[in-house]
Number of protein chains: 2
Amino acid sequence: MAEGRCLEAGERWTAPRKRVFELLLQAGAPVKAYDLIADYGHGQDRGVAKPPTIYRALDFLSGMGLVHRIPSLNAYVACAVDEAVHSASFLICDCCGSAEEFDPKVEPVVRAQAEHLGFRPTAMALEVRGLCRACA
Amino acid sequence: MAEGRCLEAGERWTAPRKRVFELLLQAGAPVKAYDLIADYGHGQDRGVAKPPTIYRALDFLSGMGLVHRIPSLNAYVACAVDEAVHSASFLICDCCGSAEEFDPKVEPVVRAQAEHLGFRPTAMALEVRGLCRACA
DNA sequence: GAAGTTATGTGATATTATAACGTCGCGTCA
DNA sequence: TGACGCGACGTTATAATATCACATAACTTC
Ligand SMILES: [Zn+2]
Ligand SMILES: [Zn+2]
Ligand SMILES: [Zn+2]
Ligand SMILES: [Zn+2]
């Protein structure tokens, strides 16, 4: 679980981190930062959140591998797998906006290609655009 | 050449399109939209350009396959190959900011994986982060 | 050259993200 | 316990990126 992984790493599981992660889990889809800001205080006695609060939480969660940023959407999504921090790949539906995390199993090949070109890879991100099963 | 490809397609090779493409070619590296805006008028008698001018040119050039957007950098780069519109992959150096277009040769595999999951792909983008040969 | 279409110019505004700085909470150690 | 140090948070402001809306200009076709 997220909190455990966080505490094991000696990091604090604070209210904003918890709340942002919770919102992303509930959404089960990519969410924009300003939607998180808007939804942050809905329900309970939580106060409002301003941009730095959300962006700091997102940075932290990304660093922990609990959340991925999808650059082409300017959106953030809870990680779908229980793994250490990893490079994520997504199938992004242009119709409904869903983003399914999947493993294309090409990392070793790509890494080899890159190194053959004199490049030393540290991470990679693959985004496949198209139509999901439901929208096709 | 870019102009030819454009005219063959029945599109106009206008001043903003030409100038923006020229700037990207000269840079030979990813350039941010607002840097294009700033540089647009440098030299000659060209006037100034405002955001819509640059973004429209970038949209057009992307559509023609002459320019790629690199989402994780919010930057744009002239295409390095003479091919019809295609999905581009980049080796992006975190040190010097260079972005080399390369062909990882994994498109068919990824496409098959995606389709096996019920997804119908239309395009894909791969970004590999790391250190280029010069910076390693 | 008049009409229809496409592209551009311009001002305003929307969206996304970060800077700067003070305060709070928590762990540490005298 | 209480002073300190450090990391996280709250708040205001602003930077950086991108789009809307509408008027004007250029090109195409007839
Ligand atoms: Zn993941
Ligand atoms: Zn869909
Ligand atoms: Zn290309
Ligand atoms: Zn480099």
Side-chain angles (χ1 to χ4, degrees), chain A residues 2-3 6-24 27 30-41 44-64 66-77 97 99 127, chain B residues 2-3 6-24 27 30-41 44-64 66-77 97 99 127:
Chain A
E3 180 172 2
C6 177
L7 296 180
E8 281 169 23
E11 302 287 352
R12 303 184 200 164
W13 190 243
T14 63
R17 293 170 180 178
K18 179 175 179 178
R19 178 61 175 150
V20 167
F21 188 59
E22 184 178 60
L23 285 171
L24 289 171
V31 185
K32 306 213 142 210
Y34 275 71
D35 290 337
L36 292 171
I37 291 170
D39 295 345
Y40 188 90
Q44 315 292 59
D45 55 348
R46 286 176 278 257
V48 299
K50 295 177 180 170
T53 298
I54 267 54
Y55 282 104
R56 286 196 281 235
L58 288 170
D59 286 350
F60 171 80
L61 294 167
S62 298
M64 295 293 297
L66 294 168
V67 161
H68 301 293
R69 174 172 144 85
I70 302 181
S72 71
L73 296 178
N74 287 336
Y76 306 82
V77 63
E127 295 181 26
Chain B
E3 180 173 1
C6 178
L7 295 179
E8 281 170 23
E11 302 287 352
R12 302 184 202 164
W13 189 242
T14 63
R17 293 169 180 179
K18 179 175 179 178
R19 177 62 175 151
V20 167
F21 188 58
E22 184 178 60
L23 286 170
L24 289 172
V31 185
K32 305 213 146 216
Y34 274 71
D35 291 336
L36 293 171
I37 291 170
D39 295 345
Y40 188 89
Q44 315 292 58
D45 56 346
R46 285 176 279 257
V48 300
K50 295 178 178 171
T53 298
I54 268 53
Y55 282 104
R56 285 194 283 234
L58 289 171
D59 285 350
F60 172 80
L61 295 167
S62 299
M64 295 293 297
L66 294 167
V67 160
H68 301 294
R69 175 171 143 86
I70 303 182
S72 71
L73 297 178
N74 286 337
Y76 306 82
V77 63
E127 295 180 28

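All chains are named by letter (A, B, ...) in the order of the sequence lines, taking the proteins before the strands, and each is independently numbered beginning at 1.
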**Message:** Please report the distance, rounded to the nearest Å, between CD in Glu11(A) and P in dC9(D).
**Reply:** 11 Å

**Whole angstrom value for the distance that separates C1' of dT19(D) from CD1 of Ile54(B)** = 14 Å

**Request:** Look at the side-chain N and O atoms of Lys50(A) and state whether any lies under 4.0 Å from the OP1 or OP2 oxygen of dT12(D).
**Result:** yes

**Item:** Nearest to side-chain heavy atoms of Thr53(B), which nucleotide of dG9(C), dA17(C), dC9(D)
**Value:** dG9(C)

**Item:** Leu36(A) CG to dT15(C) P, straight-line distance once rounded to whole Å
**Value:** 15 Å

**Message:** On the nucleotide dA18(D), are OP1 or OP2 found under 4.0 Å from the side-chain N or O atoms that Asn74(B) carries?
**Reply:** yes

**Message:** Check whether Lys32(B) reaches the backbone of Leu73(B) with its side chain - one donor and one acceptor, N or O, closer than 3.5 Å.
**Reply:** yes

**Prompt:** Between Lys18(B) (NZ) and dT8(C) (C1'), how many Å, whole number?
**Reply:** 17 Å

**Message:** Measuring from atom CZ of Phe21(B) to atom OH of Tyr76(B), what distance do you get when rounded to the nearest 0.5 angstrom?
**Reply:** 16.0 Å

Dump every N/O contact between nucleotides 22-30 of chain D and the protein below 3.5 Å, one line per pair.
none

**Request:** Would you please test Met64(A) and Glu11(A) for side chain to side chain contact (heavy atoms under 4.5 Å, CB included) and show each step?
**Result:** CA-CA 9 Å; Met64(A) 295 293 297; Glu11(A) 302 287 352; 4.1 Å; yes

**Asked** Which comes earlier along DNA chain D counting from the 5' end, the contact point of Thr14(A) or that of Pro51(A), where each point is its nearest nucleotide?
**Response** Thr14(A)

**Request:** Could you tell me the separation between the OH atom of Tyr40(B) and the C1' atom of dT8(C), rounded to a whole number of Å?
**Result:** 9 Å

**Message:** Please compare Pro16(B) and Asp59(A) by the position of their nearest nucleotide in DNA chain C and report the one closer to 5'.
**Reply:** Pro16(B)

**Nearest-angstrom distance from the residue atom CE of Met64(B) to C1' of dA7(C)** = 15 Å

**Prompt:** So, Arg69(B) side chain and Ala75(B) main chain: donor-acceptor pair closer than 3.5 Å or not?
**Reply:** no

**Prompt:** Leu61(B) CG to dT8(C) P: how many Å, rounded?
**Reply:** 10 Å

**Request:** Give a yes or no answer on whether the side chain of Ser62(A) reaches the backbone of Leu58(A) with a donor-acceptor pair at less than 3.5 Å.
**Result:** yes

**Request:** Tell me which of Leu73(B) and Pro52(A) sits closer to the 5' end of DNA chain D, going by the nucleotide each one is nearest to.
**Result:** Pro52(A)

**Complete:** For Ala49(B) and Ile37(B) the tightest heavy-atom approach is O-CG2, 3.2 Å

**Asked** Is any side-chain N or O of Arg69(B) closer than 4.0 Å to OP1 or OP2 of dA18(D)?
**Response** yes

**Prompt:** Is a side-chain donor or acceptor of Arg17(B) paired with a backbone partner of Arg12(B) at a separation under 3.5 angstrom?
**Reply:** yes

**Request:** Just compare dA18(D), dG11(C), dA17(C) and give me whichever is closest to any side-chain atom of Tyr55(A).
**Result:** dA17(C)

**Message:** Side-chain N or O of Lys32(B) versus OP1/OP2 of dA16(D): is the shortest distance under 4.0 Å?
**Reply:** no

**Asked** Once you round it to whole Å, what is the distance between P of dG10(D) and CZ of Arg17(A)?
**Response** 11 Å

**Request:** Determine whether any donor atom in the side chain of Tyr34(A) lies under 3.5 Å from an acceptor atom in the base of dA17(C), or the reverse, and answer yes or no.
**Result:** yes

**Interatomic distance, Cys6(A) atom SG to Leu61(A) atom CG [nearest 0.5 angstrom]** = 8.0 Å

